[in-house]
Amino acid sequence: MGHNTIEVQPLTSCIGAEIAGVDLSKTLSDEQFQDVHDALVDNHVVFFRNQEITPEGQLEFARRFGTPEVHPIVEGSNAHPELIEVLKPAGEGASFGTGWHTDNTFFEKPTIITMLYGIDIPPVGGDTLWASMEAAYDALSDGMKELLDGLVAVHSASVAFDPRHTRDKYEGKHSLKYKYSEAVEVEVEHPLIRTHEISGRKSIFVNPMFTLRIKGMTDAESAPLLKYLYEFSTKPEFFCRFRWQEKSVAMWDNRCTQHYAMNDYVQYRRFMRRVTIGGDTRPV
Ligand code: SIN
């Protein structure tokens, strides 16, 4: 797709692009917004540098893509419950988002887009990686595509947010605050191969944080196939890595990506502001 009002510089041949020529502190024209939206769908994750964004401005921009979500388990900020302050002070070990995942696939209508704003960035470390589940799907053999097409996967937050395994999260020992809710236990089903509602392209839609099993199989039967897909789909050929700076923004499309927050900066503080945007429809 052409982008007339912005500059789009791809980072790799399959995922990630830096966008220049946009000031997110101002309301974008409809044309410029459409160009940003198209660039996001084309590149799966887009980055902006040197943006001054207030909490209200971040929510206003997010609303142009859909409805900002209030997370049922991770507490949002007091003033804006849709905004999660992803804070890791110097010395804290636990890191939010470390481990390959797609945001909130345990929702019936999973998050479509996430917007993350960098406020305090460590001098070294704290990068984020994104992998293209579309490039990974395209690279599968025809036989594997046939095997996977039509399968359904079961997703839940019950492992990642299980209070029995992650009690310290709920006991307030991390800077991020967690609240137990029934959402932790719910199991939902999504197609294992998802078709993007805008691009019409297929991608692998399972992730090791929230996918429990393949429907109709036991956990043990599902595990080897899922493990293969997790390893295959996060090969370096399918990912890009972003070096954050203060005032950088990343926006990613959860319909066709996984991401991984590096936990390699324990001696430094990192502070980000995150909003997720809900999907209107169930994945197909
Ligand atoms: C996330 O998984 O949403 C957080 C990513 C990050 O902090 O880099």
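The residues of the chain are indexed from 1 along the displayed sequence.
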Restricting to non-hydrogen atoms, name the atom on [X] and the atom on [Y] that form the minimum distance, rounded to 0.1 Å.
| X | Y | answer |
| --- | --- | --- |
| Gly279 | Ile112 | CA-CG2, 3.6 Å |
| Cys14 | His44 | O-CD2, 3.6 Å |
| Arg64 | Leu28 | NH1-O, 2.6 Å |
| Leu87 | Ser175 | O-CB, 3.5 Å |
| Leu24 | Phe61 | CD2-CZ, 3.7 Å |

Query raised in the report: Angle class for the Tyr178/Phe161 ring planes (parallel below 30°, perpendicular above 60°, tilted otherwise)?
Result: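 Answer is tilted, since the angle falls between 30° and 60°.
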Query raised in the report: Once the angle between the rings of Phe65 and Phe33 is folded into 0 to 90°, is it parallel (under 30°), tilted (30 to 60°) or perpendicular (over 60°)?
Result: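 Phe65 and Phe33: perpendicular rings.
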May I ask you to decide whether [X] forms a salt bridge with [Y], counting only side-chain N to carboxylate O separations under 4.0 Å?
| X | Y | result |
| --- | --- | --- |
| Lys109 | Glu69 | no |
| Glu197 | Arg255 | yes |
| Asp138 | Lys202 | no |

Do you see a donor-acceptor pair shorter than 3.5 Å between the side chains of [X] and [Y]?
| X | Y | value |
| --- | --- | --- |
| Gln34 | Asp30 | no |
| His155 | Thr105 | yes |
| Ser203 | Arg194 | no |

Query raised in the report: Side-chain heavy atoms under 4.5 angstrom apart, residues restricted to Ile, Leu, Val, Met, Phe, Trp, Tyr: same cluster for Val74 and Val188?
Result: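 Per the 4.5 Å side-chain linkage, Val74 and Val188 are not co-clustered.
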Query raised in the report: Okay, side chain of Thr111, backbone of Ile113: is any donor-acceptor separation there less than 3.5 Å?
Result: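 No; zero donor-acceptor contacts below 3.5 Å.
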Is the charged tip of [X] near the ring of [Y]: under 6.0 Å from the six-membered ring centre and within 45° of its axis?
| X | Y | result |
| --- | --- | --- |
| Arg269 | Phe271 | yes |
| Lys145 | Tyr137 | yes |
| Arg273 | Tyr117 | no |

